[in-house]
Amino acid sequence: MNLRRTLLCGQCFRWREIAPDVFAGTAGGRRLVLTQQDLPKLEQNPFWRRYFDFDTDYETLRGQLAELHPNLREAARQSAGIHILRQDPWEALCSFILSQNNNIPRIQGIVSRLCQETEEPLPHAAFQESAAAHPFPRPETLAGLTEAQLAPLRCGFRARYLLDAAQKVADGTVPLEQLRTVPLAEARAALMQIVGVGPKVADCTLLYGLHRMEAFPVDVWMKRAMAQWFPGVEPAAFGAAAGLAQQYIFNWARNGVAAG
DNA sequence: CACCAGGCTCCGA
DNA sequence: TCGGAGCATGGT
């Protein structure tokens with residue numbers, strides 16, 4: 001696994017490179033500071049082993065995807081070592097609601113403020129001690145707030161989307177855990193009941209939050225990339241790991257074809 | 001000042 | 001069903 005490619009590829013907004021090759025972030029109420037050398041230790045920890053999805057053979061998946069199309073082979077080559085994280089579905093849903101018509105640095109800031117201002121710090125260090133970690137607020141917590149109370153987040157028109165998501169998750173209208181196993185189209189429709197959740201946000205939630213690897217989020221970059229490099233190819237052609245292919249292609253499009 | 005940011009809602013035709 | 005303005009906020 002390649003840490004930088006995995007943590008900073010835009011699938012998650014809670015990790016930063018705090019020094020060269022040193023990454024810090026929070027998941028499941030746990031704060032972690034690590035480098036590439038810490039990975040063997042990390043695999044021994046049940047929580048982080050699952051979060052980083054060490055039990056999936058990404059090298060084999062990458063080889064299989066590379067066989068499907070010459071351009072996908074090149075995209076996959078540049079993204080070697082990327083894992084799809086097993087993020088908390090509620091946190092992923094909120095993150096991608098906040099991501100719409102927005103840029104990554106600002107999304108990170110909003111998510112950070114959301115955690116800081118609605119939850120108490122959880123001092124917990126799995127590997128290396130660091131500043132207090134703020135866990136992601138539970139849906140029930142957010143559901144009890146008003147748009148005015150979210151004003152400090154400065155997330156603009158997305159505030160009411162966040163509250164609608166919180167209410168529908170808290171009252172069971174959108175049963176996130178059940179969406180792991182129902183047919184993909186059904187899961188997608190369930191998420192799109194939420195005001196502010198369209199196809200892109202729904203698919204990102206499915207892929208990154210519920211680890212539905214067949215989900216294929218399409219944004220403006222992907223539309224261009226598919227038309228340019230995969231004319232006539234349907235996402236379904238990428239099969240059960242289409243979401244991983246999407247991440248390869250997204251990186252390829254965003255970093256430029258020449259990037260290594 | 002304009003334009004953009006891992007989109008979506010809402011409105012009119 | 002489809003297209004396009006408007007949307008809060010912050011950065012360049």
Side-chain angles (χ1 to χ4, degrees), chain A residues 4-16 25 75 78-79 82-85 87 89 91-114 116-117 142 145-169 173-174 187-230 235 238 242-257 259:
Chain A
R4 178 178 291 101
R5 289 177 183 170
T6 295
L7 295 176
L8 304 183
C9 68
Q11 64 171 313
C12 179
F13 303 100
R14 297 218 72 193
W15 293 92
R16 319 286 172 89
Q78 292 187 15
S79 288
I82 281 192
H83 284 206
I84 302 295
L85 298 170
Q87 299 181 53
E91 177 172 340
L93 170 60
C94 291
S95 299
F96 286 96
I97 284 174
L98 293 168
S99 80
Q100 64 180 267
N101 198 12
N102 209 344
N103 56 71
I104 290 177
R106 195 161 82 98
I107 299 163
Q108 290 176 330
I110 293 170
V111 172
S112 175
R113 289 193 291 277
L114 176 60
Q116 248 157 4
E117 294 175 17
L142 236 55
L145 301 181
T146 65
E147 276 189 61
Q149 288 173 297
L150 293 183
L153 297 182
R154 284 166 289 150
C155 66
F157 60 86
R158 306 166 192 84
R160 80 179 178 101
Y161 301 163
L162 219 49
L163 292 181
D164 193 62
Q167 287 156 15
K168 288 185 170 130
V169 170
T173 303
V174 179
R188 199 171 190 242
L191 286 166
M192 286 175 62
Q193 293 179 90
I194 297 165
V195 180
V197 175
K200 165 63 168 49
V201 171
D203 286 347
C204 283
T205 303
L206 287 166
L207 176 58
Y208 300 120
L210 293 154
H211 215 262
R212 298 290 301 256
M213 295 273 276
E214 73 272 42
F216 193 93
V218 176
D219 62 5
V220 287
W221 287 94
M222 283 304 298
K223 273 193 192 119
R224 278 217 308 264
M226 291 303 286
Q228 186 178 347
W229 296 323
F230 302 92
F238 297 140
L244 184 59
Q246 177 271 157
Q247 187 67 66
Y248 293 157
I249 297 166
F250 175 77
N251 293 343
W252 202 39
R254 199 181 54 164
N255 298 335
V257 179

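Letters go in sequence order (proteins before strands), and every chain restarts at 1. Keep in mind that the numbers below use all heavy atoms, side chains included, and drop hydrogens, waters and symmetry copies.
- Look at CD1 on I107(A): it is 7 Å from C1' on dG6(B), rounded to the nearest Å.
- Both M222(A) and I194(A) lie close to DNA chain B; mapped to their nearest nucleotides by heavy-atom distance, the more 5′-ward contact belongs to M222(A).
- Between the P atom of dG6(C) and the OH atom of Y161(A) lies a distance of 15 Å, rounded to the nearest Å.
- Using a 4.0 Å heavy-atom distance criterion, P105(A) is classed as making no nucleic acid contact.
- If you take CZ of R188(A) and P of dG7(B), they are 15 Å apart, rounded to a whole angstrom.
- The CZ-C1' distance, from R160(A) to dG7(B), rounds to 13 Å in whole Å.
- At a cut-off of 3.5 angstrom, counting only N and O atoms as typed in the model, there is no donor on one side facing an acceptor on the other between the side-chain of Q11(A) and the base of dG6(B).
- Nearest to the side-chain atoms of R154(A) among the listed nucleotides dG10(C), dG6(B), dT9(B) stands dG10(C).
- The side chain of Y208(A) lies closest to dG6(B) when the candidates are dC8(B), dG10(C), dG6(B).
- Atom CD1 in I97(A) sits roughly 16 Å away from atom C1' in dA8(C) (whole-Å rounding).
- At whole-Å resolution of the value, NZ in K200(A) and P in dG6(B) are 9 Å apart.
- Distance noted for atom P between dC11(B) and dA8(C): 14 Å (whole Å).
- As judged by a 4.0 angstrom heavy-atom cut-off over every strand, Q246(A) is placed among the base-contacting residues.
- Nearest-nucleotide mapping onto DNA chain B: of V197(A) and G10(A), the residue sitting toward the 5' end is G10(A).
- One can find a donor-acceptor pair under 3.5 Å joining the base of dT9(C) and the side-chain atoms of R106(A).
- Among the atoms of the strands shown, none is found under 4.0 Å from any heavy atom of C12(A).
- As a whole-Å value, the separation of R158(A) CZ from dC7(C) P is 14 Å.
- Comparing dG6(B), dC8(B), dT9(B) by their closest approach to the side chain of V195(A) singles out dT9(B).
- Using a 4.0 Å heavy-atom cutoff across all strands shown, V218(A) reaches no nucleic acid atom at all.
- Under the stacking definition used here (centres under 5.5 Å, planes under 30°), the residue W221(A) fails to qualify as stacked on the base of dG6(B).
- Counting heavy atoms from C-beta on, the side chains of Q78(A) and N251(A) never come closer than 4.5 Å.
- In this structure, the CG atom of L191(A) is 15 Å from the C1' atom of dG7(B), given to the nearest Å.
- Taking atom P in both dA2(B) and dA5(C), the straight-line distance is 15 Å, to the nearest Å.
- Using a 4.0 Å heavy-atom cutoff across all strands shown, F96(A) reaches no nucleic acid atom at all.
- Here, dG6(C) and dG6(B) have their P atoms 23 Å apart, quoted to the whole Å.
- Aromatic ring centres of F250(A) and F216(A) lie farther apart than the 6.0 Å criterion allows.
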- For the pair F96(A) and Y161(A), evaluate ring-ring contact (aromatic ring centres under 6.0 Å, His included) and give the outcome as yes or no after the intermediate values. CA-CA 11 Å; F96(A) 286 96; Y161(A) 301 163; over 10 Å; no

- Task: Show your reasoning for whether side-chain contact (heavy atoms from CB on, under 4.5 Å) applies to E91(A) and R14(A).
- Result: CA-CA 10 Å; E91(A) 177 172 340; R14(A) 297 218 72 193; 3.0 Å; yes

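- Note on ring orientation: taking the six-membered ring where Trp is involved, the planes of W229(A) and W252(A) are tilted (angle from 30° to 60°).
- Side-chain contact between L145(A) and L150(A): present, with at least one pair of heavy atoms (C-beta onward) separated by less than 4.5 Å.
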